[in-house]
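Contents: one structure, followed by commentary.
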Amino acid sequence: MVKPVVVIVGRPNVGKSTLFNRMVGSATAIVEDIPGVTRDRNYMEAEWNEKVFIAVDTGGFYPEPAEDIFLQVKEQALFAIDEADLIIHLLDGKEGLNPSDIELSRILRASGKKVIWAVNKIDGPKREDRLYDFYPLGVDELIPVSAATGYNFDEFMDRIIALLPPAVKKDVDYPKVAVVGRPNVGKSTLVNALLGKKRMIVSPIPGTTRDSIDTVCSYYGKKYLFIDTAGIRRKGKVGYSVERFSMVRAIRSIERCDVALIVLDASEGIVEQDQKIAGIVERYGRGAVFLLNKWDLLEDPETEYKRLIPELQRKMWFISHAPVITTAGMERKRITKVFPVIDEVIAERKKRISTAEMNRFLREVVSSAPMPLYKGKAVKLYYMTQVKTEPPGFAIFTNHPEGLKEAHIRYIEKCLRDKFSFKGTPIRIYKKLKM
């Protein structure tokens with residue numbers, strides 16, 4: 001499902017980050033020991049009354065130099081308008097109305113998007129008289145809230161949920177492939193080579209692609225939807241406007257896709273940001289294929305292959321199920337190998353194993369490795385069944401779910417892959433108490 005996006009905009013120090021932290025604090029986050037799965041993002045899933053959405057903290061524009069103030073307000077607002085399903089214009093109840101607030105509100109009203117005007121730092125009913133300061137905005141409704149203390153927060157969140165569109169299913173029936181990676185690793189060149197035509201702007205300047213671009217590609221009569229995403233930069237290099245929203249678009253592209261082609265620059269090796277991007281793909285449960293691109297730039301490809309593959313396996317241990325293809329986008333070499341691998345990964349994501357076969361597998365696992373003790377009692381695995389696909393998910397019923405540690409789950413996953421493959425797709429294993 002593609003989740004709606006809620007973007008918080010406003011001047012610096014009005015409490016956007018505090019509100020963002022309170023909003024995502026109710027999220028049911030997936031916590032995994034995987035690079036890139038962190039809590040300190042400017043975008044994160046939030047949940048309220050079983051409604052899930054993506055919250056985005058935009059950061060404030062800076063008022064110096066003074067002559068640039070409205071330009072920066074407009075830039076911030078335009079990107080918020082472009083990306084958001086709902087915009088929260090956060091105002092400062094202590095400082096009162098500011099000319100920048102008026103300009104930003106004018107832009108938001110003209111956008112036609114749904115907007116909530118919220119006055120922050122209102123700590124109780126006696127402070128709500130500060131709302132009068134903001135009446136010159138001419139908006140229909142001003143919602144008092146305190147991001148710091150939580151005053152009126154429940155009502156505020158109820159209002160958000162009431163205005164959000166429903167999450168929608170992924171848009172088309174044919175396979176959706178997101179092309180992701182750091183800036184300047186050759187994503188757009190690869191997509192152009194796969195399409196057989198120049199669809200993307202290709203430039204040696206990192207960050208040329210600032211939006212996610214969808215293009216339908218046909219290979220031997222089968223159609224694929226390719227999504228060329230903006231390069232995902234290191235957090236410290238993500239600015240407050242264009243780059244920040246490019247990051248959100250890249251995440252949404254991963255969320256939409258069936259398979260992510262993770263493009264690596266073979267001439268530079270595997271760097272930390274590559275790990276973080278792969279971590280995002282794994283967290284969202286998408287299929288994955290590594291493309292070692294710019295292979296044509298290597299002086300000794302055979303030697304480099306022997307060096308890079310072990311490095312890839314070591315640094316990408318958490319997504320070791322992803323197949324690897326060497327490519328040269330500029331030279332259009334080994335490009336067509338991508339399509340059969342995409343098909344194979346999609347088939348693996350849809351694979352179903354019968355319960356009878358799963359239980360035979362479980363007996364083999366139990367006989368091959370002793371189960372742990374939990375509080376002096378043996379942990380018993382009674383039966384196992386597949387509960388979902390895309391990605392494949394399995395439930396193990398046991399007498400002590402707490403006794404099955406992460407090491408045991410990883411061992412069971414390894415055995416699953418040895419027997420059933422599940423090439424290119426994550427596996428989810430759930431521990432259930434047998435009643």
Side-chain angles (χ1 to χ4, degrees), residues 5-24 41-44 46 54-123 127-149 151-153 156-157 159-160 163 210 237-249:
V5 171
V6 177
V7 176
I8 309 171
V9 298
R11 296 185 287 112
N13 302 319
V14 296
K16 294 185 299 298
S17 294
T18 305
L19 180 63
F20 171 82
N21 290 336
R22 184 172 287 275
M23 288 169 67
V24 302
R41 296 188 182 132
N42 56 299
Y43 54 92
M44 198 169 183
I54 297 174
V56 182
D57 175 15
T58 61
F61 67 88
Y62 291 90
E64 300 294 336
E67 59 268 21
D68 289 340
I69 184 169
F70 293 123
L71 177 63
Q72 294 182 48
V73 173
K74 182 173 291 189
E75 182 184 58
Q76 188 81 215
L78 289 175
F79 285 107
I81 290 166
D82 186 48
E83 183 61 29
D85 295 295
L86 175 66
I87 302 167
I88 299 169
H89 183 188
L90 198 62
L91 303 153
D92 191 325
K94 285 188 177 180
E95 290 192 7
L97 191 62
N98 183 290
S100 301
D101 299 328
I102 297 172
E103 173 69 5
L104 183 52
S105 291
R106 183 191 65 77
I107 294 169
L108 295 177
R109 280 200 306 272
S111 73
K113 287 287 184 82
K114 294 178 182 177
V115 183
I116 289 177
W117 281 272
V119 182
N120 192 29
K121 305 180 185 178
I122 305 294
D123 300 325
R127 304 286 186 180
E128 289 190 13
D129 58 352
R130 293 176 179 171
L131 296 179
Y132 294 122
D133 293 343
F134 298 91
Y135 281 6
L137 291 176
V139 299
D140 294 333
E141 182 181 24
L142 291 165
I143 299 179
V145 68
S146 173
T149 68
Y151 172 72
N152 207 43
F153 181 72
F156 170 73
M157 291 296 291
R159 184 64 178 145
I160 289 175
L163 292 174
R210 281 180 166 159
K237 290 191 175 182
V238 177
Y240 284 106
S241 54
V242 179
E243 300 299 347
R244 178 160 292 194
F245 283 99
S246 294
M247 181 70 166
V248 176
R249 288 172 182 145

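By convention here, the first residue in the shown sequence is residue 1.
The environment of Asn13 atom CG is sparse: at most 12 non-hydrogen atoms of other residues, nucleotides or ligands sit within 6.0 angstrom.
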Check your understanding: Stepwise, does the side chain to side chain contact (heavy atoms under 4.5 Å, CB included) test hold for Val139 with Val115?
Key -> CA-CA 10 Å; Val139 299; Val115 183; over 6 Å; no
Practice item. Please step through side chain to side chain contact (heavy atoms under 4.5 Å, CB included) for the pair Met23 and Ile160, ending with a clear verdict. Key: CA-CA 11 Å; Met23 288 169 67; Ile160 289 175; 4.0 Å; yes
Exercise for review: Kindly indicate, with the supporting measurements, whether the criterion side chain to side chain contact (heavy atoms under 4.5 Å, CB included) is fulfilled by Phe156 and Ile116.
Suggested key: CA-CA 9 Å; Phe156 170 73; Ile116 289 177; 4.1 Å; yes
Point to revise | Audit row: Arg130, Val119, side chain to side chain contact (heavy atoms under 4.5 Å, CB included) steps and yes/no | key: CA-CA 9 Å; Arg130 293 176 179 171; Val119 182; 5.5 Å; no
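Judged purely by atom type and a 3.5 angstrom limit, Lys16 uses its side chain to pair as donor or acceptor with the backbone of Arg11. The closest donor-acceptor contact from the side chain of Lys113 to the backbone of Ala84 lies under 3.5 Å. Put simply, the side chain of Asp133 never gets that close to the backbone of Gly96: no donor and acceptor are under 3.5 Å apart. Using a distance-only test at 3.5 Å, with no hydrogens or angles considered, no donor-acceptor pair links the side chain of Arg127 to the main chain of Pro144. At distances below 3.5 Å, not a single donor-acceptor pair connects side-chain atoms of Lys121 with backbone N or O atoms of Lys94. Counting only distance, with no hydrogens or angles, the side chain of Asn120 and the backbone of Ala147 share a donor-acceptor pair below 3.5 Å.
Here the closest heavy-atom approach between residue Ala148 and residue Arg22 is recorded as O-NH2, 2.9 Å.
Ile143 CD1 to Leu90 CG: the interatomic distance, rounded to the nearest 0.5 Å, is 11.0 Å. Atom CD1 of residue Ile122 and atom CG of residue Leu91 lie 10.0 Å apart, to the nearest 0.5 angstrom. Distance CG/Leu86 to CD1/Ile8: 10.0 Å, rounded to 0.5 Å.
Ring geometry, Tyr132 versus Tyr135: the interplanar angle exceeds 60°, so the pair is classed perpendicular (tilted spans 30 to 60°).
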